[in-house]
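Structure, as structure tokens:
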Amino acid sequence: MSNVGNSSNILWHKCSVEKADREQLLRQKGCVIWVTGLSGSGKSTLACALARGLHARGKLTYILDGDNVRHGLNSDLSFKAEDRAENIRRMGEVAKLFADAGVICIASLISPYRKDRELCRSLLKEGEFIEVFMDVPLSICESRDPKGLYKLARAGKIRGFTGIDDPYEPPLSCEIVLEQKDGSCASPDRLAGRVISYLEEKGYLSPA
Ligand SMILES: Nc1ncnc2c1ncn2[C@@H]1O[C@H](COP(=O)(O)OS(=O)(=O)O)[C@@H](OP(=O)(O)O)[C@H]1O
Ligand SMILES: Nc1ncnc2c1ncn2[C@@H]1O[C@H](COP(=O)(O)OP(=O)(O)O)[C@@H](O)[C@H]1O
């Protein structure tokens, strides 16, 4: 008998077709690229550029974007701390399933709290969780404000907005930092190129 979370009598069912077999088929290694950063830091843009770049090399990717998943699976969750934690936990679990399918899964969400990101990291094997920090100062994100949300937050019309009146905890150590400082903002394709080089170096773009 085994207990899993709140359930009991749940046993793992194993299949003879495993992750490595799917990876052979796809000629790549399943992993999670976890893109974290403030709203407006360029997470979704990077995710798209990365998916395009990898697709062009014949690699199978799937983007889990915070905004998009909040339209469906996570539509019951708000932005209070415990709901963000649940949002991130579910994203981590779904990303893990994609990685197990052999897919290069690009999860792009603010994920502001370190402990939630660490929990998602712990779901995967060593090396399979690649954290990418969009290191863009709040002032730049705020000046971009493509959805007008910072303006609403500053006006007190949105409460608990990340970076304004809700914290963002930058990674203390992560696999890739993409810095965008004033005046020197690399293009999304260039930034994606840095992630693709990392994947190549670590062998993720070759079969298991
Ligand atoms: N209070 C508050 N704080 C931060 N962001 C807010 C908030 N309310 C709405 N939004 C919009 O929701 C997008 C962030 O969703 P995420 O799922 O990525 O957030 S989180 O990881 O659960 O913190 C985020 O999208 P991005 O701009 O793409 O980051 C915002 O557009
Ligand atoms: N590398 C970049 N250089 C300049 N502008 C960028 C870059 N990446 C994204 N942007 C712009 O910044 C804004 C926010 O990008 P977005 O990808 O929506 O951020 P996020 O998903 O983190 O909220 C958009 O207007 C986008 O065009």
Side-chain angles (χ1 to χ4, degrees), residues 2-7 10 12-15 18-20 22-23 26 28-39 41-48 50-51 54 59-135 160 162-163 166-178 192 195 198-199 202 204 208:
S2 99
N3 283 319
V4 183
N6 292 327
S7 314
I10 309 289
W12 189 266
H13 194 277
K14 223 170 137 44
C15 175
E18 297 192 325
K19 183 174 187 240
R22 294 183 282 272
E23 291 177 330
L26 292 168
Q28 63 185 48
K29 291 194 190 79
C31 61
V32 174
I33 302 170
W34 191 276
V35 187
T36 174
L38 290 169
S39 174
S41 60
K43 301 182 298 297
S44 304
T45 306
L46 173 79
C48 263
L50 197 48
L54 288 168
K59 301 301 165 194
L60 185 63
T61 62
Y62 194 79
I63 298 176
L64 295 174
D65 192 280
D67 267 325
N68 298 354
V69 178
R70 277 178 176 275
H71 277 89
L73 176 66
N74 292 347
S75 59
D76 56 324
L77 301 174
S78 75
F79 286 90
K80 62 182 186 209
E82 58 265 44
D83 279 9
R84 287 190 202 247
E86 177 60 9
N87 179 43
I88 294 155
R89 188 193 70 80
R90 287 184 203 171
M91 289 285 254
E93 289 286 357
V94 174
K96 177 185 171 179
L97 294 177
F98 273 97
D100 190 51
V103 172
I104 299 172
C105 180
I106 306 163
S108 137
L109 64 164
I110 298 179
S111 40
Y113 313 137
R114 250 175 238 131
K115 82 169 171 23
D116 297 332
R117 296 193 300 266
E118 285 315 308
L119 185 139
C120 295
R121 181 184 288 275
S122 74
L123 298 174
L124 285 128
K125 288 203 184 119
E126 180 80 31
E128 285 182 2
F129 184 91
I130 300 150
E131 192 172 351
V132 178
F133 172 38
M134 304 303 290
D135 188 6
T162 305
D166 211 67
Y168 178 81
E169 299 169 359
L172 296 175
S173 92
C174 66
E175 285 69 14
I176 302 173
V177 180
L178 299 179
V195 180
Y198 179 93
L199 294 175
K202 299 285 175 187
Y204 281 97

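Residues Ile130 and Val32 have side chains not in contact (no heavy-atom distance under 4.5 Å, counting atoms from C-beta outward). A heavy-atom distance below 4.5 Å is not found between the side chains of Val35 and Ser44. Cys174 places none of its side-chain heavy atoms less than 4.5 Å from the side chain of Val132. Residues Leu178 and Leu46 form a side-chain contact, since some pair of their non-hydrogen atoms from C-beta on lies under 4.5 Å apart. Here the side chains of Met134 and Leu38 are not in contact, with every heavy-atom distance at 4.5 Å or above. Between Ile88 and Ser111, the closest side-chain pair of non-hydrogen atoms falls below 4.5 Å.
Partners of Tyr198 under the ring-ring contact (aromatic ring centres under 6.0 Å, His included) rule, at least two apart in sequence or in another chain, do not exist in this structure. Checked against side chain to side chain contact (heavy atoms under 4.5 Å, CB included), Val94 has the following partners two or more places apart in sequence or in another chain: Leu64, Leu73, Phe98. Every residue two or more places apart in sequence or in another chain that forms a side chain to side chain donor-acceptor pair (under 3.5 Å) with Tyr113 is listed here: Asp166. Arg121 pairs by the side chain to side chain contact (heavy atoms under 4.5 Å, CB included) definition with Glu118, Phe129, Glu131, Glu175, not counting sequence neighbours. For Lys59, the side chain to side chain contact (heavy atoms under 4.5 Å, CB included) criterion is met by Arg27, Gln28, Leu54, Arg57, Ile104, Leu205, not counting sequence neighbours. Annotation: side chain to side chain donor-acceptor pair (under 3.5 Å) contacts of Ser108 (sequence neighbours excluded): Asp65. Partners of Lys115 under the side chain to side chain donor-acceptor pair (under 3.5 Å) rule, at least two apart in sequence or in another chain, do not exist in this structure. Applying the salt bridge (Lys or Arg N to Asp or Glu O under 4.0 Å) test to Glu169 and every residue at least two apart in sequence or in another chain returns nothing. Remark: Tyr204 pairs with no residue by the ring-ring contact (aromatic ring centres under 6.0 Å, His included) rule, at least two apart or across chains. Remark: Asn74 pairs with Val69, Arg70, Leu77, Asn87, Arg90, Met91 by the side chain to side chain contact (heavy atoms under 4.5 Å, CB included) rule, at least two apart or across chains. A search for side chain to side chain donor-acceptor pair (under 3.5 Å) contacts involving Glu93 returns nothing, not counting sequence neighbours.
Looking at Lys43, its side chain does come within 3.5 Å of a backbone N or O of Gly37 through a donor-acceptor pair.
In summary, the side chains of Arg84 and Ser78 do not present any donor paired with an acceptor at a separation below 3.5 Å, with no hydrogens or angles considered.
Looking at Lys19 and Glu128, a side-chain N of the basic residue comes within less than 4.0 Å of a carboxylate O on the acidic one, giving a salt bridge.
Closest approach of Thr162 and Pro167 over heavy atoms only: CG2-O, 4.0 Å. Across all non-hydrogen atoms, the minimal contact from Ala51 to Thr61 is CB-OG1, 3.7 Å. Residues Tyr168 and Pro112 come closest through the heavy atom pair CD1-CA, 3.5 Å. Nearest heavy-atom pair across Ala99 and Leu124 is CB-CD2, 4.0 Å. Contact detail for Pro171 and Thr36: the closest heavy-atom pair is CG-CG2, 4.2 Å.
Counting only residues at least two apart or on different chains, no ring pair (Phe, Tyr, Trp, His ring centres under 6.0 Å) pair has a member in residues 75-97.
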